[in-house]
Amino acid sequence: MIEENVKKILAELPCEVQLVAAAKTRTPEEVLEVVEAGVKIIGENYVQEARRACEVVGKRVDWHFIGTLQKHNVRARMVAMFDMIETVDSLEIAREINKRCAQIGKVMPVLIEVNSGREPQKSGVFPDDVEPFIRELSAFENIQVKGLMTMGPRFGNPEDSRPYFVVTRKIFERIKELNLPNVEMKYLSMGMTNSYRIAIEEGANIVRIGSKIFGER
Ligand SMILES: *Cc1c(COP(=O)(O)O)cnc(C)c1O
């Protein structure tokens with residue numbers, strides 16, 4: 001089932017769009033199955049879960065952190081394991097990633113999570129604050145900003161997600177034109193099972209898909 005789902009999605013995605021398999025709550029064996037079906041990037045929400053999966057799957061794929069980050073989760077071992085952190089949304093977390101990466105001599109590619117719906121209870125930087133935030137991050141030597149990520153609604157009519165993606169895309173383009181030092185606006189990570197087709201129409205080049213690959217949680 002998993003293999004079939006992966007093959008169908010990979011066949012459907014335009015070749016410039018990267019698939020992240022969102023693996024939260026799945027077993028290491030399920031993660032291994034998606035890797036064997038051809039997935040190149042695993043998205044993890046929890047550090048412990050990621051570690052268990054990584055012990056089974058190994059470093060033949062890239063590991064993206066896509067969960068809510070707390071300062072105490074950002075350890076040297078954590079930054080050593082992940083190839084990208086997609087959910088940077090505060091200076092405090094950025095500073096911690098920078099510090100841990102400096103300890104192990106690594107530059108971490110990061111995406112800035114945008115709270116494109118301006119919902120106070122959600123994580124992410126508000127649209128108006130993204131540019132000043134990225135300007136501050138460009139001073140950190142062990143972090144490189146590689147683009148933006150946004151969530152949008154998980155359920156409901158996929159069309160309802162479009163305005164969230166449009167807002168994020170506009171910020172992405174504007175910041176790209178600024179050519180800020182140590183900032184390379186390359187990745188736009190938007191869209192999940194429900195909304196990835198709309199996200200791609202609006203310029204996403206990373207989609208994060210869970211249930212359509214693994215089944216409902
Ligand atoms: C769970 C999750 C996804 C995937 O959601 P599905 O609806 O299962 O495809 C994508 N991004 C993030 C950040 C997630 O936590």
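Basis for what follows: all heavy atoms, side chains included, without hydrogens, waters or symmetry-related copies. Counting starts at 1 for both ligands and their atoms, following the listed order.
Among residue pairs with one or both ends in residues 171-181, those qualifying as side-chain hydrogen bond (donor to acceptor under 3.5 Å, both in side chains) are R169-E173; sequence neighbours excluded. Residue pairs meeting the salt bridge (Lys or Arg N to Asp or Glu O under 4.0 Å) criterion with at least one member in residues 99-111, sequence neighbours excluded: E96-K99, E96-R100.
Judged purely by distance below 3.5 Å, without hydrogens or angles, the side chains of T150 and S116 pair a donor atom with an acceptor atom.
Contact analysis puts R154 in contact with ligand 1, with a non-hydrogen atom separation below 4.0 angstrom. Residue I66 places a heavy atom less than 4.0 Å from ligand 1.
Residue I209 has at least one heavy-atom neighbour below 4.0 Å for each of these atoms of ligand 1: 9 (O). Of all atoms in ligand 1, numbered sequentially from 1 with element shown, those under 4.0 Å from a heavy atom of A22 are 3 (C), 4 (C). Close approach to S211 involves these atoms of ligand 1, each under 4.0 Å from a residue heavy atom: 6 (P), 7 (O), 8 (O), 9 (O).
The closest non-hydrogen atom to atom 2 (C) of ligand 1, taken over R217, K24, M151, E113, comes from K24.
When only interatomic distances are considered, the shortest N/O to N/O separation between R208 and ligand 1 falls below 3.5 Å.
A donor-acceptor pair under 3.5 Å is absent between the side-chain atoms of E36 and the main chain of E33, judged by distance alone. Looking at S195, its side chain never comes within 3.5 Å of a backbone N or O of I198 through a donor-acceptor pair.
The residues R197 and E201 are annotated as not salt-bridged, no charged nitrogen and carboxylate oxygen being separated by less than 4.0 angstrom.
Residue N45 touches ligand 1 through its side chain alone, judged by heavy-atom distances below 4.0 Å.
Shortest contact from atom 9 (O) of ligand 1 to any protein heavy atom: T193 OG1, 2.5 Å.
V145 and L178 fall within the same hydrophobic cluster, defined by Ile, Leu, Val, Met, Phe, Trp and Tyr side-chain heavy atoms under 4.5 Å apart, directly or through other members.
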